[in-house]
Structure formats: C-alpha cells, structure tokens
Amino acid sequence: MKSVLDRNNFSEWYSEILKRAEILDVRYPVKGVYVWYPYGLRLRNLIYGILRALMDEEHEEVLFPLLIRRDELLKEKEHIKGFEEEVFWVTHGGTTELDVPLALRPTSETAMYPVFKLWIRSHRDLPIRVYQIVNTFRYETKHTRPLIRLREITSFKEAHTAHASRREAEEQINKAIAIYRNFFDRLAIPYVITKRPEWDKFPGAEYTIAFDTLMPDGRTMQIATLHMLGENFAHTFDIRYEAEDGSSKFVNQTCYGISERCVAAVIAVHGDDHGLVLPPPVAPIQVVIVPIIFTSGADKPSESEAVKRACNVLHHELKGAGVRVFLDDSPERPGAKYYYWEMKGVPLRIELGPRDLANNSCTFVRRDNFVKWRVPLTTAVSEVKNTLDDIQHSLHARAMERLEIGVVSDETELKNATGIVALPLCDRESCGKELEESTGASVLGEVLYASHSSGGKECIICAREAKHVLVARTY
RNA sequence: GGGGCAGUAGGGUAGCCAGGUCAUCCUCGUGGCUUUGGGAGCCAUGGACCCCAGUUCGAAUCUGGGCUGCCCCA
C-alpha cells in the first residue's frame, strides 16, 4: 500500500483532497467561490442534517431575503464598522442605478431585526428562536481558501433569538453551547471553547464565545461563534415588547452561527495520507462492497456467479438494515477500487471473493486503521453496525488525543510552543496585542469549561492579575 | 496595503531566455481483446498554447493591456 498524499504538508494535502475526493471544484472563475460536487454536497447535507435536527428541537426555521437596504445595514454603527469593507453591493437594476443600493447579506442581523420589530409586540410573543441556513457574501481581501475563507459562504446556519430578559438570553447562550457541543461530538471533532477578547468580539455584540478546533498544521480554526447582543440591536432597531405590568421594554437578543468550516474540520481533523476518513454518521457511503471475481479457469464462471450472488444478497441485507451501502461491481481491478474508496473516506470496506465464500464469510477492512478480519456472512449485518460504532469512537478518541493544550509560563516557552497554549494574561488590549505581535499567534480568549490549569496567576506581559487564556496561530 | 511569479488537453507537465516541420511526456476519456485478493497489459482513437491588441514574412515563445490563479512581506 502506498500513500498518495502527505498530510504533513497540510495546504497541499487539503486542496488535493478536495479535488480528488470530489468535495469541491475550485475551477469556477470567480475568486473565493466554489462548486460543490455531488459527493461533497451529500457530505455537507448529512452534516447539516444533524445540525438541523438539533436546531429543530427548540428553534423554528425561517428564510429571510438575501438583499438588505443600505440604510438598514448602516443603522448599527459598531456592527457596520466590522463589515463595511467586506460588503458586496448591488447598485444597478439593468442599466438603471438604484435609488437605494442593496447589500448582499454579510450576515442577517440587519435583515431580520427590522422584521422582529414587527413580529414582537407582547411578552407573549417571546421568546423568538429562529434559524436559517443560507448563503452570505463577504468581500474577503486576504487569500481565500475553499470551505474556510470564502467570498460566498454557501452554508451559513445562523440562529437569532429574542428574549424578555437578559437572564433568559444568557440561558439561551448556554443552551446553544450545549447544542454545538453535541453537534461537534457527533462529528468526532474536538474543540476548545473560549470567550473572545474585547477587541475580537462580533461587531455589535456585548461578548462573543467561540469554538476552535486544531488543524494538522498546528493552527486553530474557528468553527462556531455565539454572540450575546444584549439590548444593543434592540435599541438600534427599536424592538420592544409590552411586559405583563404594561411597561414597554427592550428585548435581549442572541445570535450564533456555524458555517461550512464544519465540513472543512471533518476533512482536516480525520483525514490521512490515503484521503478522507469520514465519521460513519456523516459518510455518504458507510460501507462499500468489493466483489473479487475471477473469470479464467474451467469452472470459474459458476464460481464468480456465486460471488456476485452473495454480494447482491449482502448489499440487499445492509440496505434493508438502514446502512448506506454501495456495491462496486465496476470492471476496475480490486486494488484500484480500494484506493478509490479510501480517498472517498468510506469507513468500512467489505471484500467478498471465492476464498471468503468457501468459508461462508466475507472480509472487513476498516478505513481508520486498516485492520482486516474475516466475518461470517450470517452475522455480517450486526458486525457492520458494531464496527461503524466502534470506528466512530476510535475517531473521536484519536482526534481528542491530537488536541493537546500546552501550558507555558514565560515568553520563551511560548515562542517554542506549537498548537494551542494556555497562559495567564490580563484582559487589557495592549497586553494582548503585544503578545500577538511578538509571537505571531492570536489570543483565542478566556477559557470556559476548563479542565486544566494555566500555570501562573500573573499576566505574562504586565504581571497584573491575569485570566486563563488560550493562544494559538489561527486560520 | 506592498512586492514577486505563473496561465499549454479533464488533471499534471516540456517547449519560452535564443520566434520557424505534425507542440513533449505522464495521467485521463472512448472502442476492443485479455484481465481481477492492493493502483493491469496490449491495440486503436480523442483532447490544449487564458483573452484582446501590437511587433513580425511567421508568435505558445517578444511587447502592452485585461482576466484568473499562486507565493512572500506588512
């Protein structure tokens, strides 16, 4: 078996795998926008199916327009400051210049909140918990990268909530964190959760909480964010409700989102030198059956017929058991099929040939560790289910091991560190910026849900009282 | 924001400096025969010089502009 890719050269590995596993076609002639292949889209849809199911438990799906009036977009001053250099504008209808230029949504707060004002009159209308999965547009000026930094984000799941009190809004943030933890656990993706520093919060938010995962090259990638908006947008868009006592109050709001970076994370975190390695819950094909057929020799035709029959029966049984299974009866040679389906990340391969059939069995090969063993045909279906579960657990365990958090106490140690590092830092922007400039790394933020200690208690820069923060080079 | 490099078939490339026969090689597609337990072999066949202008008898090659992509620095 020879490796076809080198995961240690992550950049090259990543773009090569997107092409060869047929996730995205990057040849579309507009910068920063890409085409989903059928296989990539099936992966995306399975991942988003999990997310959608989790969201549907306590949210309602909505669909707001892509176009936003210029004056609405510009209403919230802090908000627009964060986005104004990244907005795509529609300025003409045909050859006629529009009276009011229209923005392609960079995010949907300013599309939704004027409508929230119409929907919310009484405390009985609250809470509102909605989400949508839509495309958004940002004129990225840094180098774009498929699924990671896009000019058209095709799969932005954004949730927006409005509540009668601040306490309820904060509870909602906690519920949303639980949903996201659940989601990434199902994808077997490890993460750290931090409260972003003041200077890196969502424009217009009171504070921002983020999930980051660790990529193979030691950089972190932000994979989810949650924003406590407080009453900021409610004041801007005049979203009030009449309370039980008849008084008029502003709502408290939150919003939180996940983009197709979660697909990038699945690819990057689990993949290896043979290609994709997909967690069974999101694998478009969970099991591939490869018949081993010989046609030469005197009584071979009947033997190969028996192999084909056995493959068909197994295929049928697995399908009936709800497994996403594919029978590869193409004329390729078995070796070529192995490489092909490994690139596609299929979690389990079943080989079935004359030698297996003679024992009334088949051969299982796991994608995650290439372990190979023989299984009786009579127990194959249940063994498939057990194996897929076990692969899921193994993937999760392996990924968790890779996400180590280093602890440092001085700058020399920090400069030599790789990956995610925990250290004590005060919350002043000057200290954070100094640290970022001297190390080239970014402050992810204050650790939430800590299970480890940061070493010291004094800020690594100014020696004042410090918080426990995580630092890493980022995407 | 600043600087550099590149664009040749579906993918990857040679040729470009020094203009000149049918544009090289690998992969791939199609048809056929033989094959099939880790990327099969043979035969036949298909497919490209990013766009626009200029220089020239003649441009993939030189010049200018455009479009697209990549890399480095801030």
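Reminder, nothing fancy here: chain letters follow the sequence lines and each chain counts from 1. All values below were derived from every heavy atom in this structure, side-chain atoms included, with hydrogens, water molecules and symmetry-related copies excluded.
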Donor-acceptor pair (no angle test) under 3.5 Å: A/R333 side chain, B/G37 base: no
Touch class at under 4.0 angstrom, heavy-atom based, for A/R145 against every strand present: nothing
Donor on one side chain, acceptor on other, A/R196 and A/T194, under 3.5 Å: yes
Minimum heavy-atom distance between A/D356 and A/T363, given as atom pair plus value: OD1-OG1, 2.6 Å
Touch class at under 4.0 angstrom, heavy-atom based, for A/V26 against every strand present: nothing
Sugar-phosphate, base or nothing in reach of A/P291, heavy atoms under 4.0 Å: nothing
Exercise: do A/E158 and A/H160 side chains pair donor with acceptor under 3.5 Å: yes
Of A/K19 and A/G353, the one whose closest RNA chain B nucleotide lies more 5': A/K19
Side chain of A/K31 (C-beta onward), nearest among B/C70, B/G38, B/U36: B/C70
Strand partner of B/C70, provided both Watson-Crick or wobble distances fall under 3.5 Å: B/G4
Matching residue for A/E342 among A/R367, A/R349, A/R20, A/R366 - test: salt bridge (charged side-chain N to carboxylate O under 4.0 Å, His left out): A/R349
5' precedence on RNA chain B between A/L352 and A/E16 (nearest-nucleotide basis): A/E16
Sugar-phosphate only, base, or nothing, as touched by A/K337 at under 4.0 Å among non-hydrogen atoms: nothing
Phosphate-side-chain proximity, A/R27 and B/G69, N/O vs OP1/OP2 below 4.0 Å: no
Watson-Crick or G-U counterpart of B/G46, or none if no pair lies under 3.5 Å: B/C28
Protein-nucleotide distance (A/Y34, atom OH; B/U68, atom P), rounded to Å: 13 Å
Which atom pairs, donor and acceptor, lie under 3.5 Å between side-chain atoms of residues 27-39 of chain A and protein residues at least two apart or in another chain?
residue : atom : partner : partner atom : Å
A/R27   : NE   : A/D25   : OD1          : 2.9
A/R27   : NE   : A/D25   : OD2          : 3.4
A/R27   : NH2  : A/D25   : OD2          : 2.7
A/W36   : NE1  : A/T154  : OG1          : 3.0
A/Y37   : OH   : A/D25   : OD2          : 3.2
A/Y39   : OH   : A/K344  : O            : 2.7

Counter-base of B/A40, judged by Watson-Crick or G-U geometry with both distances under 3.5 Å: B/U34
Closest nucleotide among B/G37, B/A40, B/G38 to the A/H274 side chain: B/G38
Nucleotide paired to B/A9 in any strand shown, Watson-Crick or G-U, under 3.5 Å: none
Sugar-phosphate, base or nothing in reach of A/E342, heavy atoms under 4.0 Å: base
